[in-house]
Amino acid sequence: MTIEEKIKNIFPADADIPEEARFTPLEQKEYLANGKIKNWTGPRREVLSPVSLVAKKGAERVRLGSYPLMTEKEALEALDAAVKAYDEGRGLWPTLGVEGRIAHMEEFVYRMKEQRASVVSLLMWEIGKSLEDSGKEFDRTVEYIVDTINALKDLDRASSRMTVAQGIIAQIKRAPLGVVLCMGPYNYPLNETFTTLIPAILMGNTVVFKPPKYGVLLHRPLLEAFRDSFPKGVVNTLYGEGRKIIGPIMKTGKVNVLAFIGSSKVADILKQQHPAPHRLRCVLGLDAKNAGIILPDADLDLAVSETLTGALSFNGQRCTALKILFVHRSAQSEFLEKLVTAIEGMKLGMPWEPKVKITPLPEDEKAPYLAEVIADAKQHGAKVINESGGLTNGNFVYPAVVYPVTEKMRLWSEEQFGPVIPVVPFSDIKEPLKYVVDSNFGQQVSVFGRDMDKIAPMLDTLVNQVCRVNVNSQCQRGPDVFPFTGRKDSAEGTLSVSDALRVFSIRTLVAAKESDANKALIRGILRDRKSKFLSTDFIL
Ligand code: G3H
């Protein structure tokens, strides 16, 4: 079968869905607020899968169910529940102490694991992520929670001792910040939401959390676990249109931390809505346009395999994806030939198929958008150099290699977030370096080459432009213990297992001049375990 024929026949019939991949539509009418799972009777949004099924009338998107379209009223109620549970830092949760909070989180992770099959299936159907990668996203998230618990134990152990300096005795620890609004992206709707939600909760904050536009239903199986594992008001969920429910929350000024992974445009709007921005801490993962630079002496087989997964894993819908490639003119023909062959070897299909790499896209407007930027590049002199590149069927878009891309084209600067690989030929290394320096984004870069005398000075330039320089390796966030951040429009704050505990807390200390009376007072408090904060107890 030609690629064109494969794309034409990409969608199966209902009977072709294997038994283990089948699902029952989920009509979600529940939301979690103030410790109760409440029943929603208002309007709901229909959820369609990126997957279509062929029936008599032709291919039609699969209906997965629906979720509540909540209003300002419920949004403010959820916020109030979180505000009350925090109670200006006097609530049960912020004063519980680290060991107590860890016990609640351990209960949650135990309950979460029981829901693996439902969450993974919904993840696959809602965003079209392959079954294999959906499973990996779930497992990576569980591992992240366990690692975060361990990192918090370490942090607490390290701060369980007293410090004496210049005649002052002190105990320095980290305390919560207040109410956190958590919003994750659709490409990692579980993992990236939880990389902020979990540390925020563990540090003693209370949370309002809204799933992304795509990837909502997959959170439903976890509602009972959230309700039963944490005191009331610690976790509250919201569903609906961001504009209607998030704006009113921000305007109250009661959100202390905005944890948002999405576009810088939306982040700017949300920040500006807060009446006292200096009171708002922001933890943001934003836009990126990571470049891959292929030097003349690069191992081209390696460069192709890394740039292929770098650019096309989950159809290029990763903030860390390689979104533009600079290839030295002396290597371009061989590199492009190998890249095109490698793309032809990628399996296209439905997310449940084993080893599938290219699947339909969840965003309704993505296929027309990609067609637009490809047309724009063609108009300015580029070509799609792989067979059937950019060919579309419903929400399915076949990867396109667009060459040669120049600064006149939208693909030069726009984050395509999809299966399009713009390739720019260069003669002088100053050209890609200038691109990275001039770019509005500053997340990561990948450099492919073997000559240390060429690579070393590039590293020294690039580390001051982005926040991770990958050598002969694709860009990526993991391992999750590494710092993940960006400059310019790409991020605010640093996330990693241990950094996240820091961003969702503030250092605070109890200090006293070293007088005999103060020593006796502190000794007494420690001995009789009168305080949860001023305590030398060591978590074992
Ligand atoms: O979408 C951005 C994610 O943080 C990327 O994570 O590099 O592990 O795919 P990843």
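Here the structure is a predicted model, which means the values were calculated and not measured. Note that ligands are numbered from 1 as they come in the structure, with each ligand's atoms numbered from 1 the same way.
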- Look up atom CD1 in Ile294 and atom CG in Leu302, then write down how far apart they are to the nearest 0.5 Å. 10.5 Å

- Note on the structure: Across all chains, not counting sequence neighbours, the side-chain hydrogen bond (donor to acceptor under 3.5 Å, both in side chains) partners of Arg468 are Asn470

- Task: Just say parallel, tilted or perpendicular for the rings of Phe417 and Tyr186, cut-offs at 30° and 60°.
- Result: perpendicular

- Item | Pair Phe226 + Phe108: ring centers closer than 6.0 Å | yes

- Query: Gln465: what forms a side-chain hydrogen bond (donor to acceptor under 3.5 Å, both in side chains) with it, not counting sequence neighbours?
  - Reply: none

- Query: Mind checking what residues have non-hydrogen atoms under 4.0 angstrom from ligand 1?
  - Reply: Arg140, Asn187, Tyr188, Glu192, Arg318, Cys319, Thr320, Gln476, Arg477, Gly478, Phe484

- Query: How would you list, by chain and number, every residue that makes a side-chain hydrogen bond (donor to acceptor under 3.5 Å, both in side chains) with Thr320, sequence neighbours excluded?
  - Reply: Arg318

